[in-house]
Q: 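Before I ask anything, here is the structure I am working with.
The chains referred to below are lettered A, B, ... by the order of the sequence lines, with proteins before strands, and numbering in each begins at 1.
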Amino acid sequence: MKLHEYQGKEILRQFGVNVQDGKVARTPDEVRAIAREYGQPVVVKAQVHVGGRGKAGGVKFSPTEDKAFENGEKILGMDIKGLTVNKVLVTKAVDIDAGVEYYVGMIVDRNVQSYTLMASAEGGMEIEEVAAATPEKIIKHRVDPVTGLRPYEAREVAIKAGFKGNLNKIADMMVKMSEAALKRDAVLVEINPLFVGPDGIPLALDTKFEIDDNAMYRHADLADWRELEAEHPLEIEASKYGFAYVKLDDGNVGVLGNGAGIVMTSLDVVNRAGAKPANFLDIGGGAKAEIVYNAVKLVSKDTDVKAIFINIFGGITRADEVAKGVIQALNDGILTKPVRMRIAGTAEDEAKALLAEVGSPLIQMYPTMFEAADEAAKDANAAEGK
Amino acid sequence: MKLHEYQGKEILRQFGVNVQDGKVARTPDEVRAIAREYGQPVVVKAQVHVGGRGKAGGVKFSPTEDKAFENGEKILGMDIKGLTVNKVLVTKAVDIDAGVEYYVGMIVDRNVQSYTLMASAEGGMEIEEVAAATPEKIIKHRVDPVTGLRPYEAREVAIKAGFKGNLNKIADMMVKMSEAALKRDAVLVEINPLFVGPDGIPLALDTKFEIDDNAMYRHADLADWRELEAEHPLEIEASKYGFAYVKLDDGNVGVLGNGAGIVMTSLDVVNRAGAKPANFLDIGGGAKAEIVYNAVKLVSKDTDVKAIFINIFGGITRADEVAKGVIQALNDGILTKPVRMRIAGTAEDEAKALLAEVGSPLIQMYPTMFEAADEAAKDANAAEGK
Amino acid sequence: MGILVDNNSRVIVQGMTGREGASHSRAMKEFGTQVVAGVTPGKGGTDFEGWPVYNSVAEAKAAHDANVSIIFVPPAGAADAVLEAAHAGMPLIVLITEGVPTVDMMKAVQEVKTLDALNRAEGGQGIRLIGGNCPGLVTNGQAKVGIMPNKIYTNPGRIGLISRSGTLTYEAAKLLNDAGMGTSTTVGIGGDPVIGTTFADVLPLFEADPDTDAIVVIGEIGGADEEAAAEYIAQHMKKPVVAFISGRSAPKGKRMGHAGAIIMGDVGTPESKLAAFAAANVPVADTMPEIIDMVKAALNK
Amino acid sequence: MGILVDNNSRVIVQGMTGREGASHSRAMKEFGTQVVAGVTPGKGGTDFEGWPVYNSVAEAKAAHDANVSIIFVPPAGAADAVLEAAHAGMPLIVLITEGVPTVDMMKAVQEVKTLDALNRAEGGQGIRLIGGNCPGLVTNGQAKVGIMPNKIYTNPGRIGLISRSGTLTYEAAKLLNDAGMGTSTTVGIGGDPVIGTTFADVLPLFEADPDTDAIVVIGEIGGADEEAAAEYIAQHMKKPVVAFISGRSAPKGKRMGHAGAIIMGDVGTPESKLAAFAAANVPVADTMPEIIDMVKAALNK
């Protein structure tokens, strides 16, 4: 689960990180009230789950209350990459030029089977940009997942990264970030910029925080931070069914299968067939008719989808169950787009018999995933006049 | 810092331990109100920092509101081993006969350089009694201080201890107790009895919890749990001066020195001399006149003390500083009891000269700790007519 | 022979009495695996469909001289189940459970590696974790310790198979089976970001296995396990290896079902993996059926 | 020669620029110890009374080929300072700090022991922690890495001294010094419940030291270190050992200054310790001066 900046800051604050003061506003009046309370220049920052909000005009320095109100009006309701801004964070502005901006972050790193701490004196820009331009400026350090980052390790990393300022306090902030990551099951946590003012004291100006979905059961207190309105409506519906679903941009073929690997490969096969997958949908193991029905219903709602490719490798899955689910969707009037299926499972003959009985050109079975994908691609491209 | 039962339960509750419901009362009316709220038989339990409160009549089953009020009247204000009961815990009564009582606890164990978990099916009695009578009924297990107790270990210990009931839930309670110990720096934590009812679910009926004084700085939220009124007034005063002070029963010689080892040995020497030490007082290193003055002032306040034995081994300590502190106490009228000193340090001659100048028989220096202790013992015993 | 599991594997099932544990215990038995006992804390001393059930791995291991444990425990208790098996000295631990928190896996994998090193230092055979979020492993015609469909393993053969994906493992095994080549041992290493055993850990076992002639590696986007495998192959492998990579058309930054299948920045891209395999002279199949042709070609060299 | 520290010890001081660190750095230098550098995070690159100060132990160790570190860091950071030194591969770490939380010490001691084992397995000399809450150690006439008064070590001799108490260490050392016997090495192991090195860890070093003829063990109530020492002596020691136990008249359940000096139930009683030493034929002095007589008697046997 991705957190908003203000939520990530709240978690860091719980672990004792020195975070820039700020409050959330949902109306320009609230923005003004916060600016008045602070009695100093503020920054109004859009809270949306996409990157690049600054370039999109979602972050604005506001020297006066009136300016804060005005910027609140501009940003609230703004559309950033398809998401509407419903909330802004109003923070006390900091004189960046008076200090330095650093980067610290931790990510789950498959290669070290733990977290990797990253630190760079090149703060304030995306770490990927630093990695691309000046990789030598990123200091990396494996964090022991049992002990967490220790102060001496944090100091060593800070020294190697060339951080200036109060070494002990900067290291302490890194240690607390590590505690937050481990205790709150972060997949990713960043403090960027980590601002060090002329007094040498570190201050977290912005943060990214993403929590491991597998661990959400032990963070029940954060459950209502999940904002369904900020997610794609089909992704919300998919999560209700327990499907792993990802909406993909610029696609025209709906893709569903049983297992992450087979669906990933199905995307590749659709691509090879000259069309574009519109989604990733893993219906999991044991596909009964009802599950297939729900999956077809979900994918059919996507107006980008012009044809559906179903790719099932069934150990336990029965082809006739899959066929039943699809036929049910057809009968209920839900299915209006062609479905091209490959089902390697038991009861293939029964499935064929069921489909023959229905006799709809909308539903066809093919012996291989390639033929099914080719047909789906052909249908989808034809529907788009390609 | 020793916690009251209700405080220990509060901590265990914070870590998710299933603790018997209960509330604190300071008046019989409050006891009645809680009993009424629970609407069932309750137990009224004195909250004092001494053992054996049950035998002293400080724990009473109260089947009705009226009985609860009556027991509240009896217990509140009661004196248990010199401490007045100011608070009681009113808990929902449990039908002990319907279930079983177990013991689980963790102590800092020097021998394994970590915590030792102890579990016994002989719950409801002091673990020392079990250890004396049937040591084979206590299962011991070293807990890794970095990982804490793991569920599988807790299950193995519970099985070995012969616990019946819901194995997973009992193990879970032990794991949570371990988390509480490690996170709250327990020196000792016990859940005794750990009651398992007919449904197999464990419930913590009573607890002991003691926090490492060295770690109190990271438990600022518990600082106001320290109850000065429940400690010996001289111990409170000593803690203000930063002295390690322990009041000892039945003593007549006040003992002070610089360093835990030398003071322990001083107690032994007083004993050998035929008197009884009235306290342990370590003034720490570097003894300046003012520190000695405060120490003498403190010990002099103890009416049990008939003579004072000062034993200083000074590397850095100057004998004349010690002498000055004692003389100052004499001049201020604080010192009315004989002081017998041994000071192995620099400036012994200067000290002797200062004392000669004062010329008081109350203050004498001796070349060895034995002579000083013998004189102090003689003086103290004489003062008591022995 | 094959690797890791065979006729001599004596398997206990942690979580046998749960739904998944029960059905797969039966399927493993049908396959011919020596499933010797179950472990379900709180149900010790009972019987489950003829299998004795124990409260702890230590008890079950001692009573049945077990040398493999397969875990079907729900996510919240899965890492603890791994540690229980590892501390009981179980040489091979197979974690099937999907959805285990990553932090739990980090801790468990690190501790298993420490126990493995200690065990080997004391002359033991070591302690190995496979998974989690994996389909397990199967040595064709001998033993299955996993959840693969039994029927795709009808033709024992001489091709080793390692895969990060469950369904693609089946797909590949069936292709090899139907092509008449068949598999020696199949190892599903799992789709999670932190797993006990990687491609590079399994490859040397196949290299040393006299019953394996070639190896198929089914990778996917995310992480750098394929890159590590390619490096190992280039430096140490004499037997031919054929690779496949799924998710090649997935966009960056989106998690493709598997928690580990995500391209983050420049890490985990198909380009990087293709380049690594190319550098190691490992042919990469564009489609799964091509794997068969490439294996045939490699074996005929 | 003596044990653990000598003329070749190259000592860094963690927390040199603090009050205690500074004064004892001077005193150690006066004693003749090779104090080579200080470590104070944030003050790296500065000079302190002629000593270079570094931000980290790793830097200081590398720059000065240091082989001993003494720690004067305040309690909250003391365990981390130990781990820093241990991970930097420092062979001997002396923790003076009093008041370190016990849980911190449990974790640190366990980790140092693991690092020690790993280091030895790799052919290193190991990593040893002395203390905390200890006065350090001194090899008479060679080097002091601790806080003992310099002037009680004027007569180098051949008696080894190990003690849980600071002041009693001085007391005993002075008695031996004044009796003309003098000490070889004095090791203050510390009064906390969890410490890095125990009596039983130090005894074999004295047994092997050609410059030590007899050993004095200053124990106290609490724990079972004396019992473990007695057992070790009975089984392994040829050199005579004389013991002393302080706190013999202390009541049960009261903590006597040292966090470790408490009799809990039947653990830590003087009776148990006396019985253990008696069983090991170790004479126990009733008063400290008796120690001298007993050592003399033992050496004249």
Q: Salt bridge check, A:Glu210 against C:Arg255: does any charged N sit closer than 4.0 Å to a carboxylate O?
A: yes
Q: Check this for me: A:Glu122, atom CD, are more than 12 non-hydrogen atoms of other residues, nucleotides or ligands nearer than 6.0 Å?
A: yes
Q: Contact part of C:Ala228 toward chain A, heavy-atom cut-off under 4.5 Å: side chain, backbone, both or neither?
A: neither
Q: Look at A:Thr265, A:Asp109, A:Asp212, A:Asp268 and state which one has the largest set of heavy-atom pairs under 4.5 Å with chain C.
A: A:Asp268
Q: Does any heavy atom of chain A fall under 4.5 Å from the side chain of C:Glu171, the backbone, both, or neither of them?
A: both
Q: By the definition side chain to side chain donor-acceptor pair (under 3.5 Å), identify the one residue from C:Thr186, C:Asn150, C:Thr33 that meets it with C:Lys144.
A: C:Asn150
Q: In terms of side-chain geometry, is the basic nitrogen of A:Glu126 or A:Lys208 positioned less than 4.0 Å from the acidic oxygen of its partner?
A: yes
Q: At a heavy-atom separation under 4.5 Å, does A:Asp185 approach chain C through its side chain, its backbone, both, or neither?
A: both
Q: Counting heavy-atom pairs under 4.5 Å with chain A, which one of C:Gly223, C:Ala76, C:Ser163 comes out on top?
A: C:Ala76
Q: Under a 4.5 Å heavy-atom cutoff, which of C:Lys107, C:Met256, C:Met288 has the most pairs with chain A?
A: C:Met256
Q: In this structure, are over 12 heavy atoms from other groups packed under 6.0 Å from A:Asp250 atom CG?
A: no
Q: Below 4.5 Å from any heavy atom of chain A, which atoms of C:Pro193 appear? Answer side chain, backbone, both or neither.
A: both
Q: With sequence neighbours left out, what residues match A:Asp304 under salt bridge (Lys or Arg N to Asp or Glu O under 4.0 Å)?
A: A:Lys247
Q: List the residues meeting salt bridge (Lys or Arg N to Asp or Glu O under 4.0 Å) with C:Glu111, not counting sequence neighbours, and say none if there are none.
A: B:Arg150
Q: Please look at A:Arg184 and chain C and tell me whether the side chain, the backbone, both or neither of the residue comes under 4.5 angstrom of a heavy atom of that chain.
A: neither
Q: Checking heavy atoms, do the side chain of A:Ala244, its backbone, both or neither come under 4.5 Å from chain C?
A: side chain
Q: Are A:Phe243 and A:Tyr245 close enough, and set up right, to give a ring pair (Phe, Tyr, Trp, His ring centres under 6.0 Å), and what steps lead you there?
A: CA-CA 6 Å; A:Phe243 296 152; A:Tyr245 175 90; 8.6 Å; no
Q: With a 4.5 angstrom heavy-atom cut-off, is it the side chain or the backbone of C:Lys254 that approaches chain A, or both, or neither?
A: side chain
Q: Select, from C:Gly247, C:Ala250, C:Ser165, the one with the greatest count of heavy-atom pairs under 4.5 Å involving chain A.
A: C:Gly247
Q: Among A:Pro145, A:Ser266, A:Gly257, which residue has the highest count of heavy-atom pairs closer than 4.5 Å to chain C?
A: A:Pro145
Q: Side chains of C:Ser272 and C:Glu227: any donor to acceptor distance under 3.5 Å?
A: yes
Q: Output, in order, the C-alpha distance, side-chain angles, deciding distance and verdict of salt bridge (charged side-chain N to carboxylate O under 4.0 Å, His left out) for A:Arg218 and C:Asp104.
A: CA-CA 12 Å; A:Arg218 53 189 174 205; C:Asp104 292 4; 2.7 Å; yes
Q: Give, as side chain, backbone, both or neither, the part of C:Arg164 having an atom under 4.5 angstrom from any heavy atom of chain A.
A: side chain
Q: In terms of heavy-atom pairs under 4.5 Å with chain A, which of C:Lys113, C:Glu98, C:Met148 leads?
A: C:Lys113
Q: Let me know if C:Ile195 has heavy atoms under 4.5 Å from chain A in its side chain, its backbone, both or neither.
A: both
